[in-house]
There are 2 protein chains.
Amino acid sequence: MRTLQETIKVHYSSLSPGQQKVAAFYIERPQEAALLTAFQIGKQVGVSETTVIRLAYALGFSGYSELQQALRKDWLLPKQDISEVLPSKDGQTNDNQLIRQVILREQAILQNLAEQIKVDDVWAMAETLIHSDRIYIGGFGSSYAAAYWLYYALKQMRGNVVISSPTGFMTEDICDLTTNSAAVIFSFPRYRQDTVQAATIAKEQGAKIIGITDRTLSPIGQLADMTFTSSENEVTDAHSIASIISLLDMLLAGMRIRDCEHIAKRQQQLEHLYAEQQLFSE
Amino acid sequence: MRTLQETIKVHYSSLSPGQQKVAAFYIERPQEAALLTAFQIGKQVGVSETTVIRLAYALGFSGYSELQQALRKDWLLPKQDISEVLPSKDGQTNDNQLIRQVILREQAILQNLAEQIKVDDVWAMAETLIHSDRIYIGGFGSSYAAAYWLYYALKQMRGNVVISSPTGFMTEDICDLTTNSAAVIFSFPRYRQDTVQAATIAKEQGAKIIGITDRTLSPIGQLADMTFTSSENEVTDAHSIASIISLLDMLLAGMRIRDCEHIAKRQQQLEHLYAEQQLFSE
DNA sequence: AACACATTGCATGTAAAACTTCAAAAGTCT
DNA sequence: AGACTTTTGAAGTTTTACATGCAATGTGTT
């Protein structure tokens with residue numbers, strides 16, 4: 001028997017009435033139980049602190065502290081299977097497996113994103129972008145790819161979107177921003193200093209700063225009004241932008257839902273112009 | 001300010017170095033932090049118990065216990081988003097589901113990629129790129145983001161890499177190609193005609209054409225010497241580039257394995273130049 | 001170099017939680 | 001009903017964790 005819950009089931013029938021009540025609490029509300037003290041749990045189920053402690057002995061633990069530790073481990077464990085996938089620095093694995101592990105890693109990061117993401121924040125950012133009179137997108141070096149993806153998608157939806165060049169920003173782009181504008185700043189390790197400068201200038205113009213970065217406490221994260229992080233609690237030196245793209249796709253989906261009339265209208269206009277240009281084949 | 005993470009972000013810049021280390025731990029591993037004692041956290045990040053406790057005061061709490069309680073509350077609350085997932089007639093909730101479906105869709109695409117990918121083809125492409133004297137990367141419109149990502153990563157590894165502008169190609173870039181060169185052409189719906197033109201010119205120069213597209217039989221797929229497809233049997237009008245990025249990451253991983261000496265050497269050179277420029281913060 | 005100031009960790013004090021003991025209450029058997 | 005066993009909680013003890021004063025160290029400034 002491995003988890004605490006399994007241990008409890010085995011011993012349950014041989015427990016005293018009071019201990020059974022406590023045991024039931026552990027099964028039904030494990031998260032709460034992991035945080036409360038023996039006294040508090042006793043109070044919750046209507047027995048004395050002593051009875052709670054005695055349950056630990058009855059289950060074969062050396063004391064209540066040990067039981068609590070076991071419970072907390074069970075709770076943290078599910079989170080750990082992601083990190084098990086990541087540092088697969090096994091020298092024995094052949095090269096083909098290394099290639100495939102790239103996908104496994106991406107999947108793990110996506111899973112983590114799905115668990116961590118706060119949908120409300122996505123909505124808030126979508127609303128901000130919809131109602132901004134002007135949007136500046138800044139992303140240099142390795143961040144430029146993701147920045148351009150956002151730029152292109154926003155351009156499909158609305159006007160007044162500008163993007164920096166991949167090599168650096170032009171002050172002229174940023175100084176057009178107003179208090180009704182938004183600046184989306186991408187910044188990933190190695191954090192470039194000019195990214196921070198661009199954000200600072202945009203902030204001086206009163207624009208809302210939306211930071212897309214890897215950690216809340218990264219240089220941009222500290223400046224930004226809203227921050228989106230790709231994989232906060234992961235330890236991955238080599239950052240992939242795949243999860244960032246997914247994040248942006250969520251944002252874009254949100255904007256399409258909230259602002260569908262305008263977007264549809266613009267789409268029509270674009271279609272018309274495309275047709276004139278004969279830009280596309282098929 | 002509501003959550004502990006937000007509180008930390010506000011105060012972060014005014015914290016002492018030691019306190020910042022502790023604060024970062026709270027952001028990066030909140031679950032673990034919620035369970036550990038002040039002493040244990042201090043041990044984890046390498047500071048004394050005292051410093052941990054002082055962080056609580058710096059953040060405006062009446063003591064460490066209060067901070068811990070706040071963190072534990074934040075942790076127990078997210079459990080409520082289960083109701084978010086459950087089907088509901090509430091319009092708002094359905095929208096939230098739509099957002100989350102973006103991730104589910106990405107995961108499905110990745111899964112598909114993992115099943116379909118031929119690792120040998122990845123190796124072949126990696127070898128081709130390593131041994132090319134010159135690499136041209138073409139990707140216009142929506143394809144440019146992925147193209148740039150590849151460009152940037154290749155630039156980190158080797159010289160003689162050029163990329164088209166997002167709006168169109170310059171014939172001069174392509175005509176420098178030789179029979180020992182490679183041209184990586186990105187093309188996704190709506191297929192732009194100039195992409196095909198660029199590929200044709202590159203082929204006339206004798207360069208190997210590597211097509212990154214959505215279907216084997218897309219315009220580029222028919223021209224290319226090797227073709228990579230993101231999601232052949234998926235029917236998704238709004239194509240995401242997340243899987244393309246994953247594909248590129250596999251390719252890049254392959255190149256790093258096969259050509260690690262050269263890459264390491266170039267990396268060192270770059271590091272040296274970066275240091276001179278002071279391009280990066282931290 | 002000398003000063004002020006901030007930061008940090010050790011040592012000690014205090015509060016709280018875990019553990020132990022013991023006697024009363026409840027249940028069981030003859 | 002009386003004796004025995006089991007169960008339980010209040011009170012006391014020990015351990016652990018939080019809190020605080022103080023000295024040592026480091027940093028920047030005049």
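In what follows, every chain begins at residue 1, and chains take the letters A, B, ... in the order their sequences are listed. Values in this document were obtained by computation on a predicted structure and should not be read as measured data.
Here the P atom of nucleotide dT16(D) and the OH atom of Y64(A) are 16 Å apart, to the nearest Å. Counting to the nearest Å, the C1' atom of dC18(D) and the CG atom of L55(B) are 14 Å from each other. Rounded to an integer number of Å, the gap from CD of Q19(B) to C1' of dA6(C) is 11 Å. In this entry the distance linking CZ of F39(B) with P of dA16(C) reads 22 Å, nearest Å. Atom pair E49(A):CD and dT13(D):C1' shows a separation of 13 Å (rounding to whole Å applied). Here dA18(C) presents its P atom at 14 Å from NZ of K43(A), a figure rounded to the nearest Å. For the pair L36(B) CG and dT16(D) C1', the computed distance is 15 Å after rounding to whole Å. Atoms CG (L15(A)) and P (dT8(D)) sit 10 Å apart, rounded to a whole Å.
Of the listed nucleotides (dA18(C), dG9(D), dC19(C)), dA18(C) has the atom at the smallest distance from the side chain of Q68(A). Nearest to the side chain of T51(A), among dA19(D), dC19(C), dT8(D), sits dT8(D). Taking the side chain of P17(A) as heavy atoms from C-beta on, and the options dT8(D), dG21(D), dC19(C), the nearest nucleotide is dT8(D).
For K9(B), the NZ atom counts as densely surrounded, since its 6.0 Å shell holds more than 12 non-hydrogen atoms of other residues, nucleotides or ligands.
Not a single donor-acceptor pair, N or O on each side, falls under 3.5 Å between the base of dC19(C) and the side chain of S65(A).
For dT16(D), the OP1/OP2 oxygens have no side-chain nitrogen or oxygen of T37(B) closer than 4.0 Å. For dG9(C), the OP1/OP2 oxygens have a side-chain nitrogen or oxygen of S48(B) closer than 4.0 Å. Considering only side-chain N and O atoms, Y57(B) lies under 4.0 angstrom from the phosphate OP1 or OP2 of dT20(D).
Under a 3.5 Å cut-off, the side chain of K203(A) and the backbone N or O of I209(A) do not form any donor-acceptor pair.
Listed here is the closest heavy atom pair of Y151(B) and V161(B): CE1-O, 3.5 Å.
For the pair Y136(A) and I201(A), the minimum side-chain heavy-atom distance is 4.5 Å or more.
With the nearest nucleotide of DNA chain C identified for both R54(A) and Q40(A), Q40(A) has the one nearer the 5' end.
Atom-to-atom distance recorded for N180(A):CG and R134(A):CZ is 13.0 Å, nearest 0.5 angstrom.
Counting any heavy atom pair closer than 4.0 Å across all strands shown, T50(A) reaches a base atom.
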